[in-house]
*Asks:* 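Shown below is the structure under consideration.
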Protein chains: 2
Amino acid sequence: MEKCKADNLLKITNTVKTEARETILHAVLDSERPMSANELHLMVKNRGIDLATVYRAMKLFTEKGLVRPVHADSGLTFYEKSCEHNPPHAHFICENCGGIECLKPYGFDESAFFIKLGQQKEVSSVELILKGRCSSCAS
Amino acid sequence: MEKCKADNLLKITNTVKTEARETILHAVLDSERPMSANELHLMVKNRGIDLATVYRAMKLFTEKGLVRPVHADSGLTFYEKSCEHNPPHAHFICENCGGIECLKPYGFDESAFFIKLGQQKEVSSVELILKGRCSSCAS
DNA sequence: ACATCTTTGCAAATGATTTGCAAGTATAAA
DNA sequence: TTTATACTTGCAAATCATTTGCAAAGATGT
Ligand SMILES: [Mn+2]
Ligand SMILES: [Mn+2]
Ligand SMILES: [Zn+2]
Ligand SMILES: [Zn+2]
């Protein structure tokens, strides 16, 4: 219960709790879609939190496994919450507007597939990104 | 025959042929692994070709379908030749040394898989990147 | 409260990629 | 060939996301 609450997540990952981190983590948890550092900053700057702090938090949260970075080839990095309710999945990025969407889980045992792809290698993570035109840009 | 020769590729894609472009395209075609703009520049700077020109060529060649960009999440972009002898495939990037390797083709009809993933969307390209430790860094 | 280690805002630095511009080059018409 | 026009390139400066140095502020254990 309440496993995905900011407060609890910081505690179980042994992360020093500060106002900035709690605020930023809340912003990530509240977002349905992956967010860029800039977007997150827009949500928290009114509390005097700096963009550099957002970046530092993303680095820390990524190491702690609380967020996953999604690297758009535009050079932008988006961050999404990584908890049991949000398992790894592919992403769709619109070439026209740059918007990002999460795709539904693969629906089969993808880990076996990806590990087979990696063959004799130690695979620690996978990023699968499809590009195209999103529904709003298509019309 | 000779479908993957620089000269011919420029012609069949209606690309104005210049010394810089021919030289740069040769460098790409000669490379087994995807190359960064910087690496390509190292190979051609002795002929007075500027890094900016390499970037402009990569942009053009990508549009013409002669090369494919591979976006490492380090922020670096690698470029690999895109001809019938080198169909799309996944890539492996070493988290330790940053090196990139091409993986063997999937061995099944991946296009069907990726299109199903994209569902109701228009998918124009796919990037599948595995990360981990390369064989040399593992030892 | 004290000592110590960590975190943060701010400003400046990075590093890959892009762009403005003036000079050089390709292409086709004359 | 010349000439006119459009495209390409080197160079330097600009962008833009992200990182970092530093001094002040905050967290933690005593
Ligand atoms: Mn997602
Ligand atoms: Mn490859
Ligand atoms: Zn769109
Ligand atoms: Zn390596």
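Quick note on labels: first sequence line is chain A, next is B, and so on, each numbered from 1. Keep in mind that the numbers below use all heavy atoms, side chains included, and drop hydrogens, waters and symmetry copies.
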*Asks:* Considering residues at least two apart in sequence or located in another chain, which fulfil the salt bridge (charged side-chain N to carboxylate O under 4.0 Å, His left out) criterion with A:Glu101?
*Replies:*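 For A:Glu101, the residues satisfying salt bridge (charged side-chain N to carboxylate O under 4.0 Å, His left out) (neighbours in sequence not counted) are B:Lys121.
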*Asks:* Could you see if A:Ile49 belongs to whatever hydrophobic cluster contains A:Met43? Use Ile, Leu, Val, Met, Phe, Trp, Tyr and a side-chain cutoff under 4.5 Å.
*Replies:*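 Yes; A:Met43 is reachable from A:Ile49 via cluster members.
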*Asks:* Tell me every residue that passes side-chain hydrogen bond (donor to acceptor under 3.5 Å, both in side chains) with A:Asn96, counting only those two or more places apart in sequence or in another chain.
*Replies:*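 Counting only residues at least two positions away or on another chain, A:Asn96 forms no side-chain hydrogen bond (donor to acceptor under 3.5 Å, both in side chains).
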*Asks:* For nucleotides 18-24 of chain D, give me one character per nucleotide, 5' to 3': B if any protein heavy atom sits under 4.0 Å from the base, S if the only such contacts are to the sugar-phosphate, - if neither.
*Replies:* BBBB---
*Asks:* Quick one, A:Ile129 and B:His71 - any side-chain contact, counting heavy atoms below 4.5 Å?
*Replies:*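 A:Ile129 does not reach B:His71 side chain to side chain.
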*Asks:* Distance check needed: D:dT8 C1' versus B:Ile49 CD1, whole Å only.
*Replies:*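 After rounding, the reported distance stands at 12 Å.
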*Asks:* Separation of B:His41 atom NE2 from D:dG10 atom P, in whole Å?
*Replies:*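 Rounding to the nearest Å, NE2 of B:His41 and P of D:dG10 are 8 Å apart.
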*Asks:* Yes or no on side chain to side chain contact (heavy atoms under 4.5 Å, CB included) for A:Leu29 and A:Leu9, after CA distance, side-chain angles and deciding distance?
*Replies:* CA-CA 11 Å; A:Leu29 295 176; A:Leu9 291 172; 4.1 Å; yes
*Asks:* Starting at CG of B:Asp73 and ending at C1' of D:dA17, how long is that distance when rounded to a whole Å?
*Replies:*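 Spelled out: CG on B:Asp73 to C1' on D:dA17 is 14 Å.
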*Asks:* Side-chain contact, heavy-atom cut-off 4.5 Å: B:His26 with B:Val44?
*Replies:*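 SC-SC contact between B:His26 and B:Val44 ruled out.
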*Asks:* Without decimals, in angstroms, what is the distance between A:Leu10 CG and D:dT28 P?
*Replies:*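 Result: 11 Å.
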*Asks:* What is the distance from CD of B:Glu39 to P of C:dT17, rounded to the nearest Å?
*Replies:*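 Roughly 11 Å, once rounded to whole Å.
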*Asks:* Return each pair, listed once, that meets salt bridge (Lys or Arg N to Asp or Glu O under 4.0 Å) where at least one residue sits in residues 34-52 of chain A; pairs must be two or more places apart or across chains.
*Replies:*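 Checked against salt bridge (Lys or Arg N to Asp or Glu O under 4.0 Å) - neighbours excluded - the pairs reaching residues 34-52 of chain A are A:Arg33-A:Glu39.
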*Asks:* Let's see if you get this right: which residues in residues 16-33 of chain A place a heavy atom under 4.0 Å from DNA chain D?
*Replies:*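 Within this stretch, A:Val16 sit under 4.0 Å of the strand.
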*Asks:* Output all residues satisfying salt bridge (charged side-chain N to carboxylate O under 4.0 Å, His left out) with A:Lys59, sequence neighbours left out; order by chain, then residue number.
*Replies:*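 Salt bridge (charged side-chain N to carboxylate O under 4.0 Å, His left out) list for A:Lys59, sorted by chain: A:Glu63.
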